[in-house]
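Remember, it's a predicted structure, so these values are computed and weren't measured experimentally.
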Amino acid sequence: PLLSLAYADEKAILTVKECHQIFSNLNQIVEFHETFFSNQLASNLSIPQVFNKLSDFFKLYAQFVNSYPLAIRLLDYMQDNSGFCEFLKTQKSKTGMDLFSFLIMPVQRLPRYEMLLKELYDATPSLHPEHDDLLTALEKIQVVTRYVNEYQNDVDKMALCKKIQ
């Protein structure tokens with residue numbers, strides 16, 4: 001709904017660029033979950049098989065996690081815009097969640113998946129047929145989480161170099 005208001009010339013409460021800065025690649029993440037992840041979980045595959053099959057797709061989160069601080073700064077700045085604040089109040093009354101809470105969810109998702117897989121692995125007997133698949137899934141999610149963190153560190157370093165120059 002926010003993006004459609006950005007395209008409304010006389011009613012625009014923020015620009016299309018600002019919308020993209022706030023939401024980054026969230027549409028891609030949602031599409032991944034709706035198209036691939038949810039369908040795979042609903043299939044006959046086990047949880048570790050799904051994570052093993054799709055783990056590389058979770059790298060989509062790197063861009064969103066990297067842009068999250070900018071999104072929060074922009075939202076803080078937009079608090080002076082009465083039209084924007086009114087829109088946020090309306091959306092919160094419809095969804096029960098404010099935009100800040102909504103935007104943190106993708107940032108928290110990978111660590112939560114890692115914790116879930118770790119708990120499943122720890123609770124699964126070593127002779128269980130899924131034990132090895134759980135370990136592989138956990139290791140793959142840990143690799144993706146490291147990738148996202150390293151991506152963030154690289155972006156931070158580039159920004160610092162640019163600032164120094």
Side-chain angles (χ1 to χ4, degrees), residues 1-42 47 50-117 137-165:
L2 195 53
L3 188 57
S4 64
L5 285 179
Y7 285 110
D9 293 332
E10 64 279 347
K11 290 184 180 179
I13 57 175
L14 71 162
T15 66
V16 173
K17 181 181 178 184
E18 289 168 334
C19 274
H20 289 296
Q21 288 174 328
I22 293 169
F23 295 106
S24 184
N25 67 328
L26 189 58
N27 282 342
Q28 290 175 320
I29 293 170
V30 169
E31 186 177 326
F32 161 70
H33 279 275
E34 289 175 349
T35 306
F36 297 106
F37 194 62
S38 296
N39 289 339
Q40 293 296 314
L41 287 174
I47 290 173
V50 171
F51 276 95
N52 286 329
K53 184 176 181 179
L54 299 176
S55 62
D56 283 340
F57 289 99
F58 287 100
K59 291 179 181 178
L60 282 170
Y61 283 84
Q63 181 181 336
F64 185 87
V65 169
N66 177 56
S67 66
Y68 177 77
L70 173 63
I72 296 306
R73 283 194 303 274
L74 181 57
L75 288 173
D76 283 340
Y77 172 78
M78 295 297 296
Q79 297 301 311
D80 293 337
N81 181 324
S82 60
F84 182 72
C85 289
E86 188 58 37
F87 174 82
L88 291 181
K89 284 181 191 174
T90 302
Q91 292 304 309
K92 183 177 180 180
S93 69
K94 289 179 182 178
T95 64
M97 248 171 76
D98 66 23
L99 186 56
F100 291 94
S101 300
F102 175 74
L103 289 175
I104 191 68
M105 292 173 75
V107 174
Q108 296 170 333
R109 181 148 296 161
L110 288 178
R112 287 183 177 176
Y113 283 155
E114 188 174 331
M115 286 188 306
L116 167 71
L117 290 169
L138 174 60
E139 289 170 344
K140 284 185 174 188
I141 287 297
Q142 288 171 334
V143 166
V144 171
T145 302
R146 276 193 302 276
Y147 169 83
V148 170
N149 290 337
E150 288 169 7
Y151 182 90
Q152 177 66 44
N153 289 338
D154 289 346
V155 169
D156 289 346
K157 287 176 187 174
M158 285 189 288
L160 182 60
C161 287
K162 197 173 187 180
K163 197 176 193 179
I164 291 171
Q165 293 175 349

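Here the CE atom belonging to Met78 is positioned 5.0 Å from the CD atom belonging to Glu18, to the nearest 0.5 angstrom. Residue Phe23 holds its CZ atom at 12.5 Å from CD1 of Ile29, rounded to the nearest 0.5 Å. The CG atom of Leu60 sits 10.0 Å away from the CG atom of Leu110 when rounded to the nearest 0.5 Å. Put simply, CG on Asp56 and NZ on Lys140 are 7.0 Å apart, with the number rounded to the nearest 0.5 Å. Taken from CD in Glu34 to CG in Asn39, the straight-line distance is 9.5 Å, to the nearest 0.5 Å. Between the SG atom of Cys19 and the CD1 atom of Ile13 there is a distance of 8.0 Å, given to the nearest 0.5 Å.
Closest approach of Val107 to Pro111, counting heavy atoms only: O-CD, 3.7 Å. What you find for Glu114 and Thr145 is that their closest heavy atoms are OE1-OG1, 3.3 Å. Considering every non-hydrogen atom in both Gln21 and Leu74, the closest pair reads OE1-CD2, 3.6 Å. Minimum interatomic distance between Leu75 and Ile22 (heavy atoms only, all atoms of both residues): CD2-CD1, 3.7 Å.
More than 12 heavy atoms of other residues, nucleotides or ligands lie within 6.0 Å of CG in Leu54, so this atom counts as buried by the packing criterion. For CZ of Phe102, the number of neighbouring non-hydrogen atoms (other residues, nucleotides, ligands) closer than 6.0 Å is 12 at most. For Lys59, the NZ atom counts as densely surrounded, since its 6.0 Å shell holds more than 12 non-hydrogen atoms of other residues, nucleotides or ligands. No more than 12 heavy atoms of other residues, nucleotides or ligands shown are found within 6.0 angstrom of CD on Glu31.
Put simply, the side chain of Asn66 never gets that close to the backbone of Ala62: no donor and acceptor are under 3.5 Å apart. When atom types are taken as modelled, the side chain of Asn81 and the backbone of Phe84 share a donor-acceptor pair closer than 3.5 angstrom. A side-chain donor-acceptor contact under 3.5 Å links Ser38 to the backbone of His33. A donor-acceptor contact shorter than 3.5 Å links the side chain of Ser67 to the backbone of Phe64.
The aromatic rings of Phe58 and Tyr61 sit parallel, their planes meeting at an angle under 30°, below the 60° perpendicular limit.
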Checklist line | Verdict with reasoning, Gln142 to Leu117, per side chain to side chain contact (heavy atoms under 4.5 Å, CB included) | finding: CA-CA 10 Å; Gln142 288 171 334; Leu117 290 169; over 6 Å; no
Next item on the list: Mind running side chain to side chain contact (heavy atoms under 4.5 Å, CB included) on Val144 and Phe57 for me, showing each step along the way?
Entry: CA-CA 9 Å; Val144 171; Phe57 289 99; over 6 Å; no
Next item on the list: Mind running side chain to side chain contact (heavy atoms under 4.5 Å, CB included) on Ile47 and Tyr113 for me, showing each step along the way?
Entry: CA-CA 11 Å; Ile47 290 173; Tyr113 283 155; over 6 Å; no
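Side-chain contact between Met105 and Ser101: absent, with no pair of heavy atoms (C-beta onward) separated by less than 4.5 Å.
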